[in-house]
Amino acid sequence: MSNTDLFVAMDRNQEWYASLFVNHYEEACQKVEELLNETERDENGCMVTPTTGPRKVRFQGQQDRAYRFVYCVLHQLAATRDQVIRHRCHNRRCLNPRHLDIGDRGDNFRDELERRANGVDWRLL
């Protein structure tokens with residue numbers, strides 16, 4: 001069986017991002033720029049949204065969390081629902097691309113345990 005014969009199943013979220021990169025990438029980049037321009041930088045370098053919780057974004061008929069949208073578009077990554085976007089700063093309102101990383105739920109849980117034990121080392125961000 002050759003690589004061209006393989007079938008790869010994607011979840012709905014992956015399909016949407018994959019389609020977005022092919023058909024609407026420039027528009028998505030503009031949307032990311034708008035989102036980042038609407039933030040305010042705090043003393044830790046976080047780019048904080050003016051919302052009370054994680055901001056959501058609607059684009060091309062889909063809705064996702066703004067930080068996930070920013071990460072996926074900037075990295076052209078069609079992340080699965082099992083992949084989470086981690087906030088190295090532990091601020092879920094932050095959209096700073098330098099504070100975002102990808103992982104799984106286990107990584108996210110370990111991040112939280114580390115933060116509770118030692119806080120955030122802002123020098124590493």
Colleague: What I'd like to find out is whether the side chain of D42 reaches to under 4.5 Å of the side chain of C94, using heavy atoms alone.
Modeller: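 No. Closest side-chain heavy atoms not under 4.5 Å.
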Colleague: To the nearest 0.5 angstrom, please state how far the NZ atom of K31 sits from the CD atom of E26.
Modeller: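 It comes to 16.0 Å.
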Colleague: Does any N or O in the side chain of H24 come within less than 3.5 Å of the main-chain N or O of Q60, such that one atom is a donor and the other an acceptor?
Modeller: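 No; judged by distance alone, with no hydrogens or angles, the pair does not exist.
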Colleague: Report yes or no: does N44 contribute a side-chain atom to a donor-acceptor pair with the main-chain N or O of C46 at less than 3.5 Å?
Modeller: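 Checked: no pair found.
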Colleague: Is the backbone of G53 close enough, under 3.5 Å, to the side chain of R92 for a donor and an acceptor to pair up by distance?
Modeller: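 Between the backbone of G53 and the side chain of R92 there is no qualifying donor-acceptor contact (under 3.5 Å).
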Colleague: Test side chain to side chain contact (heavy atoms under 4.5 Å, CB included) on L35 and F59 and set out the steps.
Modeller: CA-CA 12 Å; L35 289 166; F59 186 77; over 6 Å; no
Colleague: Quick one: pull up CG in L74 and SG in C29 and give me the separation to the nearest 0.5 Å.
Modeller: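 Output value for this atom pair is 7.0 Å.
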Colleague: State, to 0.1 Å, how close V57 and A66 come at their nearest heavy-atom pair, and which atoms those are.
Modeller: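 Scanning both residues completely, I find the closest heavy atoms to be CG1-CA, 4.0 Å.
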Colleague: Within the side chain of N13, is there an N or O that forms a donor-acceptor pair under 3.5 Å with the backbone of A79?
Modeller: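 Yes; judged by distance alone, with no hydrogens or angles, the pair exists.
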Colleague: Please name the pair of heavy atoms, one in R93 and one in V48, separated by the smallest distance, quoted to 0.1 Å.
Modeller: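 In terms of heavy atoms, the two residues are closest at NH2-CG1, 3.0 Å.
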Colleague: Would you say that more than 12 heavy atoms from the other residues, nucleotides or ligands in this model lie under 6.0 Å from the CD of E34, or not?
Modeller: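 Buried by this count: over 12 neighbours within 6.0 Å.
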Colleague: Side chains of Q62 and Y17 only: does a donor on one sit below 3.5 Å from an acceptor on the other?
Modeller: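 There is no such pair between these side chains.
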Colleague: Quick one: are V84 and I102 in side-chain contact, heavy atoms under 4.5 Å?
Modeller: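 SC-SC contact between V84 and I102 ruled out.
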Colleague: Please report the interatomic distance CE(M47) to CZ(R98), rounded to the nearest 0.5 Å.
Modeller: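 Nearest 0.5 Å value for the CE-CZ distance: 11.0 Å.
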Colleague: Check V70 against L95 and note the closest heavy-atom contact, atom names and distance.
Modeller: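 Taking V70 first and L95 second, the nearest heavy atoms are CG1-O, 3.9 Å.
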Colleague: Taking C-beta and beyond as the side chain, do D111 and H90 meet within less than 4.5 Å on heavy atoms?
Modeller: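 Sidechains of H90 and D111: in contact.
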Colleague: Does T39 use its side chain to pair, donor to acceptor, with the backbone of L36 at less than 3.5 Å?
Modeller: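 Answer holds: yes.
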Colleague: Counting only heavy atoms from other residues, nucleotides and ligands, does the tally under 6.0 Å from CD of E112 exceed 12?
Modeller: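 Above 12, so yes.
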Colleague: Please verify the inter-ring angle class for F21 with Y25; under 30° counts as parallel, over 60° as perpendicular, anything in between as tilted.
Modeller: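 The rings of F21 and Y25 stand perpendicular, inter-plane angle above 60°.
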Colleague: Distance from H87 atom NE2 to Y71 atom OH, nearest 0.5 Å?
Modeller: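 The OH atom of Y71 is 12.0 Å from NE2 of H87, to the nearest 0.5 Å.
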Colleague: Quick one: pull up CG in D107 and CG in D104 and give me the separation to the nearest 0.5 Å.
Modeller: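 So the gap between those two atoms works out to 4.0 Å.
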Colleague: Main chain of D101, side chain of R86: is a donor-acceptor contact present, judged purely on distance under 3.5 Å?
Modeller: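 Pair absent, no side-chain N/O of R86 close to backbone of D101.
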Colleague: Is the shortest side-chain heavy-atom distance between Y67 and H99 below 4.5 Å?
Modeller: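 A side-chain contact is absent here, since even the closest heavy-atom pair is not under 4.5 Å.
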Colleague: Should D64 and R81 count as an ion pair when the cut-off is N to O under 4.0 Å?
Modeller: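 Salt bridge flag = yes for R81 with D64.
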Colleague: At what distance, to the nearest 0.5 angstrom, does CG of D82 lie from OG1 of T80?
Modeller: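 So the CG of D82 and the OG1 of T80 are separated by 4.5 Å.
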Colleague: Looking at N96 and G45, would you say the former's side chain and the latter's main chain have a donor-acceptor pair under 3.5 Å?
Modeller: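 Yes, because the side chain of N96 sits within donor-acceptor range (under 3.5 Å) of the backbone of G45.
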